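Presented below is the structure to which this report refers.
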Amino acid sequence: MTMPKTMQFARQFAAAAALACVVIAPLQAETFAERAAPCLACHGEKGQSETPEIPSLGGQPAPYLLIQLYLFREKQRGVEIMNDVTKGFTDDDLRLFSDNLAKLPPPPPPPSDTPDAARIASGSALITQHRCNNCHSLDLSGRENVPRIAAQREDYLVKTLREYKNNTRHGYDAAMAEVLAPVTDAQIVDLAYAIARFR
């Protein structure tokens, strides 16, 4: 006795669905913490980077992180390791990572290292002169699609500001290149010094 075609199809579909569940189950079983572990190996276990020229992610606004992850996935920002990490991300993954990373605590300012008062004064004047505290908020904590820069790694800030200045860091907003056009390299160094120690 032959089985009706609809029943054969139903059984084949059920078998295929069961196989798919077996294959997908390990991926779904992986927690966010497990998926994020490679990210935090570079960016810091609690979102506070201890790796030269790698930014701290703690306290960054979720919309900013979402945009950056999207740019990496689409290779509109070219950082090979980040392009590789995000190439298989779905839109849901982008949201999951940005929302969860934004919950990490912001980095504290560097330990009291008796900062150079003249450099702090110079950097603070530059923050006001170039309106860093307009876009990045008065406390430099960022908002929406604008990053937190307060207490960010000093070496990362220098690197990033230089990249904006020489137009090798392509972002979604040309404002940074415009702002940095009149800023000298010595001023970039003082800006980064003051921002990294911003309290």
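Given the structure is predicted, the values throughout are model-derived calculations rather than measurements.
Counting only residues at least two apart or in different chains, salt bridge (Lys or Arg N to Asp or Glu O under 4.0 Å) contacts with residues 119-144 comprise Arg119-Asp190.
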- Query: Would Arg169 and Lys159 count as a side-chain contact (heavy atoms from CB on, under 4.5 Å) if you check the C-alpha gap in whole Å, the side-chain angles of each, and the deciding distance to 0.1 Å?
  - Reply: CA-CA 10 Å; Arg169 175 167 174 161; Lys159 173 180 178 290; over 6 Å; no
- Message: Show, in sequence, the C-alpha distance, side-chain angles and deciding distance for Phe72 and Val79, and conclude whether the side-chain contact (heavy atoms from CB on, under 4.5 Å) test is met.
- Response: CA-CA 7 Å; Phe72 283 128; Val79 177; 3.7 Å; yes
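Among all heavy-atom pairs drawn from Pro61 and Pro147, the shortest one is CD-CA, 4.3 Å.
Rounding to the nearest 0.5 Å gives a distance of 9.0 Å between CD of Gln68 and CD of Gln60. Taking CD1 from Ile195 and CG from Leu126, the interatomic distance works out to 9.0 Å, rounded to the nearest 0.5 Å. To the nearest 0.5 angstrom, Leu191 atom CG is 5.5 Å from Cys132 atom SG. Summarising the geometry, atom CG belonging to Asp93 is positioned 10.0 Å from atom CZ belonging to Phe32; distances are rounded to the nearest 0.5 Å. Here the straight-line distance linking atom CG of Leu66 with atom CG of Leu96 works out to 11.0 Å at 0.5 Å rounding. Note: Leu71 CG to Met82 CE = 10.5 Å, rounded to the nearest 0.5 Å.
Checking side-chain atoms of Thr184 against main-chain N and O of Gln187 turns up a donor-acceptor pair under 3.5 Å. Side-chain atoms of Lys75 never come within 3.5 Å of backbone atoms of Asn83 as a donor-acceptor pair (strictly under, hydrogens ignored). In this structure, the side chain of Ser49 engages the main chain of Ile54 through a donor-acceptor pair within 3.5 Å. Between the side chain of Ser137 and the backbone N or O of Leu140 there is no donor-acceptor pair closer than 3.5 Å. Side chain of Lys46 to main chain of Pro105: no donor-acceptor pair is present (N/O by atom type, distance under 3.5 Å, no hydrogens or angles). With hydrogens and angles disregarded, a donor-acceptor distance shorter than 3.5 Å links the side chain of Arg153 to the backbone of Thr51. In this structure, Ser98 contributes its side chain and Arg95 its backbone to a donor-acceptor pair below 3.5 Å.
With salt bridges taken as basic N to acidic carboxylate O contacts below 4.0 Å, one links Glu154 and Arg197. The pair Arg73-Asp84 does not meet the salt-bridge criterion, since no charged nitrogen lies less than 4.0 angstrom from a carboxylate oxygen.
Hydrophobic side-chain contacts under 4.5 Å tie Tyr193 into a cluster, directly or through other members, with Ile120.
Side-chain contact between Met176 and Leu161 is present, with at least one heavy-atom pair separated by less than 4.5 Å. Leu157 has its side chain out of reach of Thr160: every pair of non-hydrogen atoms, C-beta onward, lies at least 4.5 Å apart. Taking 4.5 Å as the limit, every side-chain heavy atom of Tyr64 sits out of range of all side-chain heavy atoms of Val146. Arg162 places a side-chain heavy atom less than 4.5 Å from the side chain of Val189. At a threshold of 4.5 Å between non-hydrogen side-chain atoms, the residues Gln152 and Phe198 do not count as touching.
Judged by the 6.0 Å distance and 45° axis criteria, Arg35 is positioned over the aromatic ring of Phe89.
Applying the 6.0 Å contact sphere to CD of Glu45 captures no more than 12 heavy atoms from other residues, nucleotides or ligands. Other residues, nucleotides and ligands contribute more than 12 heavy atoms inside 6.0 Å of the CD atom of Glu53.
Residues forming a side chain to side chain contact (heavy atoms under 4.5 Å, CB included) with Pro107 (at least two apart in sequence, or on another chain): Gln48, Ser56, Arg148, Ala151.
For the residue pair Thr168 and Asn166, a side-chain donor N or O sits within less than 3.5 Å of a side-chain acceptor on the partner.
If you chain together hydrophobic residues whose side chains sit under 4.5 Å apart, Ile127 and Leu180 fall into the same group.
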